[in-house]
Amino acid sequence: DRLYNDLLRMGMTGSVTDGISGLSAMNLFSHDITARKAMAITPTTLVHLVTSVRCTTSSCGDIVTTYENRVARGDVFASCNGTVMKVPSNTLRSEYYGCRWVWHNKTGYLLNIQYPRGLLITNGVDSTINGSTTDMFSIAVSHTSPSKQPFSTMVTIPGAVLGDMDTVSY
C-alpha cells in the first residue's frame, strides 16, 4: 500500500536512450524521503546527480548517500579545512571534517559547501562480495544538518584533474 502511494506521487519520471547512451530523471518519493535524481550514462561515464533531499516526517533520522567504487584503484585525496591531504590506504569509514571535495582515480566529488560534519571515507579496504575479496573506495555524506534541514549536495566530476579541484565550482 505504501509503495503504491509513493509511486502515485512520482509524477515526473522519464528516460531516453539511443541504445548506448541515456538519461533518466525522476522525482523520488520513497519511505518518507523525497529527492530529485538524474543519471546520465555514456560508454565511458556514469554521472549521478541528487538534490533537494528531504524527509517528509520527523522520524527519518539522518539521510545518507554513499558513493562506492569497487573497481577503480588509486590514491584518494581530500580537501578538508583548507588543507589537501592524501587519505591513507586501508582507511575504513574514517571521519574527515570541513571537507570541500574528494578526488579518486580521475573523478572529483565536489560538495556545494565546505561540509561541516564528518564525511566518512574508505580507501583500499578489502570487502567481500559473493565470497570474493576486492578493494573498495567510498564516501558517505549526510544530507541533513543536526537540525534536520537539508543542505548538502555532491556533484561527481568524471575526468577531473587533481590539481584543478580547488578551482572547480558550481
Side-chain angles (χ1 to χ4, degrees), residues 1-56 60 62-79 87 93 99-113 115 119-144 150-170:
D1 187 45
R2 181 180 194 149
L3 178 60
Y4 177 75
N5 288 331
D6 287 347
L7 288 172
L8 290 177
R9 293 170 42 190
M10 282 192 239
M12 195 286 293
T13 303
S15 298
V16 63
T17 183
D18 63 4
I20 298 172
S21 298
L23 175 67
S24 182
M26 70 184 314
N27 281 332
L28 172 72
F29 293 92
S30 180
H31 300 91
D32 299 327
I33 296 174
T34 64
R36 292 181 178 179
K37 299 177 74 173
M39 183 178 294
I41 302 170
T42 70
T44 59
T45 305
L46 182 139
V47 178
H48 188 209
L49 304 172
V50 179
T51 189
S52 302
V53 178
R54 290 184 171 70
C55 178
T56 60
C60 287
D62 211 13
I63 302 170
V64 176
T65 294
T66 301
Y67 297 80
E68 187 174 290
N69 188 326
R70 295 173 189 253
V71 177
R73 305 288 182 257
D75 293 331
V76 176
F77 291 86
S79 176
V87 177
R93 295 182 63 79
C99 295
R100 178 74 174 98
W101 56 259
V102 177
W103 181 91
H104 171 252
N105 195 38
K106 300 179 187 171
T107 301
Y109 303 87
L110 182 66
L111 291 144
N112 64 329
I113 59 167
Y115 193 67
L119 192 66
L120 298 177
I121 301 175
T122 296
N123 178 28
V125 174
D126 288 338
S127 62
T128 302
I129 305 172
N130 299 327
S132 64
T133 302
T134 184
D135 284 346
M136 182 175 77
F137 159 74
S138 72
I139 307 169
V141 60
S142 172
H143 293 282
T144 52
F151 71 95
S152 64
T153 302
M154 188 180 294
V155 173
T156 305
I157 308 167
V161 175
L162 176 59
D164 293 341
M165 286 300 295
D166 276 330
T167 63
V168 176
S169 63
Y170 69 96

Would you please say whether a donor-acceptor pair under 3.5 Å links the side chains of Asp166 and Trp101? yes

Can you list the residues that meet the salt bridge (charged side-chain N to carboxylate O under 4.0 Å, His left out) rule with Arg73, with sequence neighbours excluded? Asp135

Closest contact, heavy atoms only, Arg93 versus Ala140: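 Smallest heavy-atom distance, with atoms named: NH1-CB, 4.1 Å.
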
Compare every heavy atom of His104 with every heavy atom of Gly74, then report the nearest pair and how far apart it is.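 In terms of heavy atoms, the two residues are closest at O-CD2, 3.6 Å.
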
Going by side-chain hydrogen bond (donor to acceptor under 3.5 Å, both in side chains), name the residues that satisfy it together with Ser79, two or more places apart in sequence or in a different chain.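 None.
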
Is Ile157 close to Leu110 at the side-chain level, that is, under 4.5 Å between some pair of heavy atoms? yes

Under a 4.5 Å cut-off applied to non-hydrogen side-chain atoms, are Val102 and Phe77 in contact?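 In short, these two side chains do not touch, never coming nearer than 4.5 Å.
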
To the nearest 0.5 angstrom, please state how far the [atom1] atom of [X] sits from the [atom2] atom of [Y].
| X | Y | atom1 | atom2 | result |
| --- | --- | --- | --- | --- |
| Thr122 | Leu120 | OG1 | CG | 7.5 Å |
| Cys99 | Ile139 | SG | CD1 | 9.0 Å |
| Arg36 | Met26 | CZ | CE | 13.0 Å |
| Ile121 | Phe137 | CD1 | CZ | 7.0 Å |
| Thr42 | Ile20 | OG1 | CD1 | 10.5 Å |
| Arg100 | Leu119 | CZ | CG | 12.5 Å |

Mark yes or no for whether Trp103, through its side chain, and Ala160, through its backbone, hold a donor-acceptor pair below 3.5 Å. yes

